[in-house]
2 protein chains.
Amino acid sequence: MRKPGKSQTRQRILKFIHDFVDDRGYAPTVRDILRGCSLSSTAVVQHHLNVLEREGYIHRDPEVFRSIQLLDRKNTIRVPLLGSIAAGEPIPVPSSETWTSEAIEVLQLTEELTQGKEVYALKVNGLSMMDALIDDGDIVLMEPANTAEDGDVVAAWLKDKQEVTLKRFFQETGRICLQPANSQMKPIYVNPEDIEIQGRVIGVIRKL
Amino acid sequence: MRKPGKSQTRQRILKFIHDFVDDRGYAPTVRDILRGCSLSSTAVVQHHLNVLEREGYIHRDPEVFRSIQLLDRKNTIRVPLLGSIAAGEPIPVPSSETWTSEAIEVLQLTEELTQGKEVYALKVNGLSMMDALIDDGDIVLMEPANTAEDGDVVAAWLKDKQEVTLKRFFQETGRICLQPANSQMKPIYVNPEDIEIQGRVIGVIRKL
DNA sequence: TTGGTTTCCGAACACGTGTTTTATAAACTA
DNA sequence: TAGTTTATAAAACACGTGTTCGGAAACCAA
């Protein structure tokens, strides 16, 4: 009384879990799976779940009800939109307390975009970032940072011009090179003491 | 021995649920909340959960363990990355069957970005879209469309030039105006029969 | 004060649910 | 063929968990 294929029951179970989570928003129990896949013993389900976990498809916390997690699902992360970024004013830099308390709005993004880092978002005000290919109304994802590595795109405060700019950062001997994303535009060079790194840009989102 | 504020306990509970779900991937039980919020009776938690549900913050399925769902969570949607978009070639337009079968990769995005529409994604190849403030490597979110309204940003195939372009669409008398996002650049005008709308752009994503 | 509402406590009940055990049958290996 | 591994079945155990109830404490309004 065994299935012909190698393990088509396991495929059914995995699909059932997917559908169940999509539908109900939480994971099924062993007995939910039993009924949903027309099996007749919890031990069968138990066995297949163990195999699925060993093979890396799911994760379970032992003894915890409804704790099946599908490992190909990415978590969504709540990203606080802390304010705006404009040419003439420094950007809001989050303290540990502003994180959700002072958020104007809370975006919900996946690790696809946040890359697992603790980020915050800023809305771009005006056209001053156009040389970084950033439009009015775009949302930039920032990672808090005071320093930068070569090649990072940073939000830099230029003390002499009293303005913030988004450019690619390169450390050179005695000076810093800030390169626009738009390669048709020329880089600018500043003294290290005339610049203040306010954050690292890890993404841009434009909703139309 | 009652809390001073009006119902700060309820706030604590809601925050605890958020953190718990973020951390573990499934919802807490009544007793998890009890311990996590330093309360001493499940009935207290039960009461606050009822209020939270009545006020629309959460949803619970009666008698089901760990069934608390946070209603401000947006669903994540699997978006197929169907190919690339480059200057000299038409963009891949999805049939109903390519939807996930021919996907090069599957992005996972929230309704925040997809706006609830059925979208697909294309990776931008080259710098030809720079006048739309789109960089090499950016990902554009497309909604299938053959027509456009005034103001839409569309992917248009220009028959005479044999190239695809991303521009804002405006219908004028006898001609069509295609306006770059970069306002420093001039719009172009084409005959209605020289243009073919291949899709509507609803978003742009740049990962750095 | 008075009454009414909300919040809290402690305890108990009922059952959903993960787990284990034993047994049987099918498939694979040598 | 015999031996091993895998898949299935039925039943039972142990406890996690939603729910309920009676009563007390804090707050509010008249």
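In the text below, chain A, chain B and the rest are named by the order of the sequence lines, each starting its count at 1.
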Quiz item: Would one find a side-chain N or O of A:H48 under 4.0 angstrom from OP1 or OP2 of D:dT8?
Solution: yes

Quiz prompt | A:D61 CG to D:dT17 C1', straight-line distance once rounded to whole Å | solution = 16 Å

Quiz prompt | Listed nucleotide nearest any side-chain atom of B:Q46, set C:dG18, D:dG18, C:dC9 | solution = D:dG18

Quiz item: Do any side-chain nitrogens or oxygens of A:T42 fall under 4.0 Å of OP1 or OP2 in D:dA10?
Solution: no

Quiz item: Which of these nucleotides, D:dT17, C:dT7, D:dT20, is closest to any side-chain atom of B:A43?
Solution: D:dT20

Quiz item: Taking the side chain of B:S41 as heavy atoms from C-beta outward, which of C:dG10, D:dT8, D:dG18 is closest to it?
Solution: C:dG10

Quiz item: Is the closest side-chain heavy-atom distance between B:D135 and B:V124 below 4.5 Å?
Solution: no

Practice problem: Quickly work out the B:L49 CG to C:dC8 C1' distance and round it to whole Å. | Solution: 14 Å

Exercise. Using atom CZ of B:R60 as one end and atom C1' of D:dT19 as the other, report the distance to the nearest whole Å.
Key: 9 Å

Exercise. Give a yes/no on whether any side-chain N or O of A:R31 is located under 4.0 angstrom from OP1 or OP2 of C:dT19.
Key: no

Practice problem: Measure from the side chain of B:R10, starting at C-beta and using heavy atoms only, and say which of C:dT7, C:dT19, C:dC9 lies closest. | Solution: C:dT7

Quiz item: Under 4.0 Å between a side-chain N/O of B:S40 and OP1 or OP2 of C:dG10, yes or no?
Solution: yes

Self-check item: B:I17 side chain near B:P28 side chain, heavy-atom distance below 4.5 Å
Solution: yes

Quiz item: With side chains defined as the heavy atoms from C-beta onward, is the minimum distance between A:V201 and A:M142 less than 4.5 Å?
Solution: yes

Self-check item: Nucleotide C:dT7, atom C1' - distance to CG of B:L39 in whole Å
Solution: 10 Å

Practice problem: State whether the number of non-hydrogen atoms from other residues, nucleotides or ligands found under 6.0 Å of A:K159 atom NZ is greater than 12. | Solution: yes

Quiz item: What's the closest nucleotide to the B:V44 side chain, out of C:dC8, C:dG10, C:dT17?
Solution: C:dC8

Quiz item: So which nucleotide from D:dG18, C:dT17, D:dT8 ends up closest to the side chain of A:F65?
Solution: C:dT17

Quiz item: Nearest nucleotide by nearest heavy atom, which residue falls closer to the 5' end of DNA chain C, B:H47 or A:P28?
Solution: B:H47

Quiz item: Is the shortest side-chain N/O distance from A:R66 to OP1 or OP2 of C:dT17 below 4.0 Å?
Solution: yes

Quiz item: CD1 of A:I68 to CG of A:L49: how many Å apart, nearest 0.5 Å?
Solution: 5.0 Å

